[in-house]
Amino acid sequence: MKVVVGLSGGVDSSVAAYLLKKAGHEVTGLFMINWHETTGTLSGSCPWEEDLLIAQLVAHRLDIPVHSIDLSEPYRERVVDYMFREYRQGRTPNPDVLCNREIKFDLFMKVAENLGGEMVATGHYCRKEMFEKDGMPVYRLLAGVDSAKDQSYFLCQLSQQQLSRSLFPLGDLFKSDVRRIAGEQRLPTAQKKDSQGICFVGKVNLPLFLQQKLEPKQGSIVEIPADSDLYLRQTARDIRRIINNGTFEMLSTPYSYEPQMGRAVGEHNGAHFFTIGQRKGLNVGGMKEPLFVIATDVKTNIVYVGQGQDHPGLYRRGLFIKKKDIHWVRPDVAVADPRPLSCCVRIRYRQPLQQANIFFVPEGAHCIFERKQRGITSGQYAAWYTGDELVGSGVID
RNA sequence: UGUCCCGUGGUGUAACUGGCAACACGUCGGAUUUUGGUUCCGAAGAGUCCAGGUUCGAGCCCUGGCGGGACAA
């Protein structure tokens with residue numbers, strides 16, 4: 001089969017390419033350029049020229065052809081602009097999820113198709129399975145075997161269409177296997193440090209990066225006491241009653257704060273630069289315990305903080321996803337009726353799966369966790385699984 | 001105006017009856033991490049408001065200033 005593999009210049013994609021070649025496929029490497037600018041990036045980090053060179057070395061070593069494609073323009077339009085738009089609204093976007101949906105598994109896929117590729121492969125740690133239902137193929141997106149590296153979360157917005165043409169050669173491997181294979185095959189990336197930070201843009205200094213487009217605006221930091229009566233303690237019975245009444249909003253709506261609920265403890269230079277759960281960068285000292293951001297209000301430009309790891313403002317029982325933001329990787333199992341979906345959910349990469357019930361209502365979905373969750377942040381993705389299969393996801397409201 | 005209290009790294013506090021200043025937060029650096037964030041490790045940073053005095057030795061005692069606060073009227 002003709003397979004185009006996305007080579008990034010890292011170990012994972014190199015080994016993915018090797019495995020495909022070894023399995024007898026006709027493999028072509030494709031390197032994608034997503035970003036040119038260096039403003040805001042940390043000095044000397046992730047210059048794509050170097051990565052391209054490494055990708056070429058890998059291709060040479062594997063004796064496969066390699067091409068490169070500049071997708072920086074659409075990347076800017078579909079990922080970077082979205083990022084700024086979200087931050088401006090006081091939300092915290094997840095660019096990598098978008099990058100996969102919009103770039104790697106869309107534009108990149110089309111380019112691969114033009115190169116004659118029947119399938120596209122990436123170095124993601126996840127698995128895919130196919131079975132037939134009513135004579136039609138159905139694809140399942142499964143967690144990678146290496147639970148510490150499982151990257152299915154980042155693919156939570158993929159469609160059946162996209163999945164049908166994807167291959168994940170690393171899904172059954174552990175990271176250590178990948179390193180070992182790379183070493184055995186003398187791939188130039190065998191020792192290369194894993195990349196991190198926003199995909200393909202490299203390691204950026206986010207505050208600096210954001211300041212290119214978002215104006216600084218001085219505002220105050222308000223501390224909300226942990227014993228504020230805003231935080232009513234809910235017993236298991238209260239929760240059950242709320243669920244029975246169908247008043248899920250009581251659990252899935254963010255806390256809303258007013259300045260007079262607390263006291264000003266400092267100043268910041270723009271509420272849109274902060275995200276819930278953040279500790280560093282507040283520049284307020286003298287507290288017994290560290291301060292964490294518990295909410296931001298870009299309208300009034302106020303950052304609300306709470307003291308200590310266990311501040312109640314940091315935890316919430318549930319989250320809401322608007323109807324338009326609900327995505328089913330498996331539309332065939334989509335739940336429409338009000339019967340709750342009992343499943344496991346994660347709200348960030350590498351988070352252990354959390355038991356939850358999702359209640360689908362006409363306006364959207366209320367996800368109610370068995371245990372309170374820390375740092376539920378609007379703009380981030382919640383992905384729900386049954387077993388080790390990712391079946392759906394959505395943007396947290 | 002009278003009495004009382006306080007004045008320690010960027011911030012908030014600590015240092016028993018005097019023995020070369022501790023902790024937390026913040027800041028900076030590193031590790032972890034294909035989002036943000038979290039977490040972990042490490043470092044820098046004050047010679048204790050100022051001027052005198054007592055003492056072998058003072059952040060801690062004494063005197064006088066300066067600064068802030070409280071009570072008093």
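Just so it is clear: chains get the letters A, B, ... in the order the sequence lines come, proteins before strands, and each one is counted from 1.
- Taking the C1' atom of each, rG26(B) and rG19(B) are spaced 32 Å apart, rounded to whole Å.
- The environment of E132(A) atom CD is dense: over 12 non-hydrogen atoms of other residues, nucleotides or ligands sit within 6.0 angstrom.
- Across rC23(B) and rG42(B), the matching P atoms stand 12 Å from one another, rounded to whole Å.
- For the P atoms, the distance linking rC6(B) with rU17(B) amounts to 14 Å, nearest Å.
- When rounded to the nearest whole Å, the span between CG of L291(A) and C1' of rG26(B) equals 9 Å.
- A salt bridge links E223(A) with R263(A): at least one charged nitrogen is closer than 4.0 Å to a carboxylate oxygen.
- Residue K372(A) holds its NZ atom at 10.0 Å from OH of Y315(A), rounded to the nearest 0.5 Å.
- For rU3(B), the paired base is rA70(B) (Watson-Crick or G-U wobble, both distances below 3.5 Å).
- Side chain T275(A) to base rG37(B): no donor-acceptor pair is found below 3.5 Å.
- OP1 or OP2 of rU34(B) lies within a sub-4.0 Å distance of a side-chain N or O belonging to Y349(A).
- You'll find that the side chain of F292(A) is closest to rU39(B), out of rU39(B), rU35(B), rG36(B).
- Atom CD1 in I376(A) sits roughly 19 Å away from atom P in rG37(B) (whole-Å rounding).
- At a threshold of 4.0 Å, the pair K175(A)-D12(A) counts as salt-bridged, since one of the basic side-chain nitrogens sits closer than that to a carboxylate oxygen.
- RNA chain B lies under 4.0 Å from at least one heavy atom of each of the following residues of residues 277-285 of chain A: G277(A), Q278(A), R279(A), K280(A), G281(A), L282(A), N283(A), V284(A), G285(A).
- In this structure, the CD atom of Q307(A) is 14 Å from the P atom of rG12(B), given to the nearest Å.
- Of all nucleotides present, none satisfies the Watson-Crick or G-U wobble test against rG59(B) with each distance under 3.5 Å.
- Distance check on atom P: rG7(B) versus rA14(B) gives 9 Å, rounded to whole Å.
- Using C1' as the reference atom, rG57(B) and rA73(B) are 46 Å apart when rounded to the nearest Å.
- Base-pair partner of rU38(B): not found among the strands shown (Watson-Crick or G-U wobble, both distances under 3.5 Å).
- Straight-line distance between the C1' atoms of rC16(B) and rA22(B): roughly 14 Å, to the nearest whole Å.
- Taking a pair to require two hydrogen-bonding distances under 3.5 Å in either a Watson-Crick or a G-U wobble arrangement, rG64(B) pairs with rC50(B).
- The separation between F168(A) atom CZ and rU34(B) atom C1' is 14 Å, rounded to whole Å.
- In this structure, the side chain of R101(A) does not engage the main chain of Q157(A) through any donor-acceptor pair within 3.5 Å.
- rG45(B) takes the anti form, because its glycosidic angle lies more than 90° either side of 0.
- For K133(A), the salt bridge (charged side-chain N to carboxylate O under 4.0 Å, His left out) partners are D332(A), not counting sequence neighbours.
- The side chain of K149(A) places an N or O atom within less than 4.0 Å of a non-bridging phosphate oxygen (OP1 or OP2) of rU34(B).
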Practice task
Let me see the working for Q309(A) and F292(A) under side chain to side chain contact (heavy atoms under 4.5 Å, CB included), right down to the final yes or no.
Solution key: CA-CA 8 Å; Q309(A) 299 277 2; F292(A) 293 88; 3.6 Å; yes

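- Pair assignment for rU17(B): none, as no Watson-Crick or G-U wobble contacts are both less than 3.5 Å.
- Positionally, the nearest nucleotide of RNA chain B for Y87(A) lies more toward the 5' end than for the other of Q309(A) and Y87(A).
- Comparing rA46(B) with rG59(B), their C1' atoms are spaced 12 Å from each other, to the whole Å.
- Atoms CZ (F84(A)) and C1' (rU35(B)) sit 14 Å apart, rounded to a whole Å.
- With rounding to the nearest 0.5 Å, the separation of CD in Q355(A) from SG in C343(A) is 7.5 Å.
- Atom CE in M287(A) sits roughly 16 Å away from atom C1' in rC23(B) (whole-Å rounding).
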Exercise for the section: May I have the step-by-step check of side chain to side chain contact (heavy atoms under 4.5 Å, CB included) for K104(A) and H124(A), ending in yes or no? Expected result: CA-CA 11 Å; K104(A) 284 185 209 156; H124(A) 285 104; 4.1 Å; yes

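- Separating the P atom of rA43(B) from that of rC61(B) is a span of 33 Å, rounded to the nearest Å.
- Taking the nucleotide of RNA chain B with the nearest heavy atom to each of T122(A) and R374(A), the more 5' of the two is matched to T122(A).
- In this structure, OH of Y153(A) is placed 12 Å from P of rG36(B), rounded to the nearest angstrom.
- Rounded to a whole Å, the CZ atom of R350(A) is 11 Å from the P atom of rU32(B).
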